[in-house]
Amino acid sequence: MAEPGATSSIEDQIRLREQKAQQLREKGAHPYGNGVVVPHTTGFVRTRHSSDDAAALEAEHTEPYGIAGRIVAVRSMGKATFLSLRDRDGDLQVFVKKDKVGEQAYEILKLADLGDIAFARGRAMRTRTGELSIEATEFRLLTKALRPLPEKWHGLTDHETRYRQRYVDLAANLEVREIFRKRSKLIAGIRRFLDERDYIEVETPVLHKPEEAGGAAARPFETHHNALDLDLKLRIALELHLKRLIVGGLERVYEIGRIFRNEGIDRRHNPEFTMIEFYQAYATYEDLMALTEQLVERLAVEVTGANVAPFQGVLIDYAAPWPRVSMVGEVLKAYQAGELDGLDKLTDDQWLSKTDDNEHRHKFTKANSTGDKIAWAFEALVEPMLPREKPCFVVDFPLEVSPLARKRDKEPRLVDRFEAYAGGMEVANAFSELNDPRDQEARFRAQVEAAARGDQEAMPYDRDYIRALEHGMPPTAGEGIGIDRLAMLFTDSSSIRDVVLFPLLKPEEDVK
RNA sequence: GAGCCGCUAGCUCAGCUGGUAGAGCACCGGCCUUUUAAGCCGAGGGUCGUGGGUUCGAUCCCCACGCGGCUCACCA
């Protein structure tokens, strides 16, 4: 191999590694073997011997440990070689001496490259510099990698490559694994929390018939079922099916599920993302505020280790209770109106008088009701002022922007709803559910009218959902929490792409 | 969808007022039995994102396109 004049373009490097794989075969070492038994992890060895010094390990002459992983560093001194093996727990150094592993194994080691998967067995020892290592009596190459690993010092930093080739990102950058381990803990923590409270986890359809694709203000993805010749949409929310289950008497249900919204992509938005929605019969939105505070504070502790965690330069204190901000109240204050009637009387010029921002002023044209205008004013004037160092609840939402929420008895222009904000993002949305079928019909009709006016995010009229409500849904409160957003908060990630393993990107021109 | 920025070796990056490209790591050959960004010696490796234009000459200037990042808009 390696005839003089060999080049090292990527094609040449791959060819060379293929040749090495062939040489391994000739030496009886299958470059893609199978069935190896790996009794230990690097973490196991590290934990067990973290406090043993060189002399202690020498005296103990530990049992032989067998570990496997990717070769992420090689330092060869001729007849002895140090390598670092990386498994799911981290890295551990292996010290391979020719006279300890034997001629044959050492020949195989010489055919190993950075990136290959290898197995080593041997006792634990410490080197002269004190690094815990496996002194190999056995070395096997398990999988030949044909492509080189990124550079060891800087790792892989190019965002595009990191997202497109997440396998390389994960293999090269240890901190990336930590993010996804935290995400996993987060989801497990939510399950545990709700399971403790007698909820059951359910799964509802992802493929929605056109009239079912509601539950949120968003444009859906469209698809088609061939055998039924049926147009379908991917769900934009879990809400309406979960509430059907409340009608059926399950009383406490949740679903952690992927939902799809056919909208723009940016730091906070991926077209597919994960929400948890949960619904609890005989609860109110007040109950859910208390539940949310408890849940999120506990998750912060479980995932980050404390109920105070940094996010983008701000320390966020998740400890309950969280401050509450009244949407209507803040807007009343901003316009010095004493009560809702005062806002009804405002002219468009008066509404617009508080902001010079052209974007916000433009958005105002889409507001068709006082409720829309209140939500608009809140977003324009109050949202930027929400507390940064604590999550908060926004309460007192107008009816018009809440088509599935129950009217407030004392003020039917408002609904019993809250949104939780943290780190400048909306992370939860919850309300006491509308269970009056006739009121829900009227709300759906308003949505259909909005759609007729050109609102592409309006919900369809879901007749079966009305039929379900006609059977009687107990008084219920429900909530949705964006898992990706929580994952961003708890991993201090500025982009949703950093907490989604395979974020959607435009296709590559050529895969090379 | 808009604005700004980026795209040079497998990776991380240099590249001057325009003169056809460099480093470190990786790779290849040689030496090396306690290294750890191992070391020492030597050798290769590039359609400079793509396509046009200007120019005697373009990685560099201009235009278009592609992909990505950031900001904004829509939203969770």
Side-chain angles (χ1 to χ4, degrees), chain A residues 1-17 19-20 54 72-84 91 93-101 106 113-115 125-131 133 135 145-165 168 172 216-219 236-237 259 261-271 273-277 357-360 362-363 366 379 419-421 425-429 456-457 480-486 488 494-497 503 505-510 512:
Chain A
M1 59 152 208
E3 62 280 4
T7 59
S8 59
S9 66
I10 185 62
E11 293 82 5
D12 293 322
Q13 291 193 48
I14 288 172
R15 202 174 307 123
L16 196 81
R17 284 171 176 238
Q19 287 167 12
K20 288 182 181 175
V72 293
V74 178
R75 293 174 289 277
S76 170
M77 4 278 312
K79 295 187 183 65
T81 298
F82 293 94
L83 9 121
S84 298
D91 297 354
Q93 180 167 270
V94 178
F95 187 22
V96 189
K97 286 189 282 191
K98 191 172 180 178
D99 56 8
K100 283 266 182 188
V101 290
Y106 207 78
D113 285 299
L114 282 177
M125 47 95 65
R126 279 192 192 275
T127 62
R128 206 168 276 168
T129 51
E131 177 156 349
S133 309
E135 186 178 40
L146 298 182
R147 290 177 182 266
L149 233 37
E151 197 228 8
K152 59 187 163 193
W153 191 239
H154 301 91
L156 179 68
T157 61
D158 179 72
H159 283 97
E160 183 171 355
T161 312
R162 288 188 47 222
Y163 300 146
R164 284 195 200 283
Q165 302 182 45
V168 180
R219 297 180 63 179
I236 57 170
I259 66 182
R261 297 190 182 174
N262 207 338
E263 289 161 352
I265 297 177
D266 68 17
R267 227 176 66 231
R268 297 187 187 80
H269 301 268
N270 194 56
F273 62 103
T274 305
M275 287 250 299
I276 167 148
E277 289 193 24
D357 186 296
N358 278 328
E359 310 285 4
H360 279 126
H362 175 73
K363 263 169 93 172
K366 293 185 193 163
E379 189 183 317
E419 285 185 349
Y421 280 77
M425 299 183 288
E426 183 193 333
V427 293
N429 179 24
Q456 294 182 305
E457 297 178 346
I481 300 177
I483 299 284
D484 311 86
R485 296 259 171 104
L486 276 189
M488 288 169 68
S494 63
S495 170
I496 193 170
R497 293 186 194 93
L505 301 176
K506 289 195 191 180
E508 275 180 279
E509 283 182 330
D510 296 300
K512 333 184 219 199

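The sequence lines fix the lettering, A, B, ..., with proteins before strands; numbering per chain opens at 1. Bear in mind the structure is a predicted one, so any value in this text is a computation, not a measurement.
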Problem set entry | For B/U59, glycosidic torsion class - syn if within 90° of 0, otherwise anti | anti
Counting Watson-Crick and G-U wobble pairs only, both distances under 3.5 Å, name the nucleotide matched with [N], or none.
{"N": "B/G68", "answer": "B/C5"}
{"N": "B/A73", "answer": "none"}
{"N": "B/C61", "answer": "B/G53"}
{"N": "B/A26", "answer": "none"}
{"N": "B/G46", "answer": "none"}

side-chain N/O [X] vs [N] OP1/OP2, d < 4.0 Å:
{"X": "A/Arg75", "N": "B/G39", "answer": "no"}
{"X": "A/Lys506", "N": "B/C67", "answer": "yes"}
{"X": "A/Arg497", "N": "B/G69", "answer": "yes"}
{"X": "A/Lys79", "N": "B/U34", "answer": "no"}

Exercise. Which residues pass the salt bridge (Lys or Arg N to Asp or Glu O under 4.0 Å) test with A/Arg164, sequence neighbours left out?
Worked result: A/Glu160
Exercise. Are side-chain N/O atoms of A/Ser9 and A/Glu11 paired as donor and acceptor at under 3.5 Å?
Worked result: yes
For this session: Write down the distance separating the P atoms in B/C65 and B/U47, rounded off to the nearest Å.
Result: 26 Å
For this session: Quote, to the nearest angstrom, the P distance that separates B/C4 from B/G10.
Result: 31 Å
Problem set entry | Pair A/Lys97 + A/Glu135, salt bridge at N-O below 4.0 Å | yes
Report each atom pair, protein N/O against N/O of nucleotides 7-10 of chain B, whose distance is under 3.5 angstrom.
unit_1	atom_1	unit_2	atom_2	d
B/G10	OP1	A/Ile10	N	3.4

For this session: Could I get the full list of side chain to side chain donor-acceptor pair (under 3.5 Å) partners for A/Tyr421, not counting sequence neighbours?
Result: A/Glu383, A/Glu419
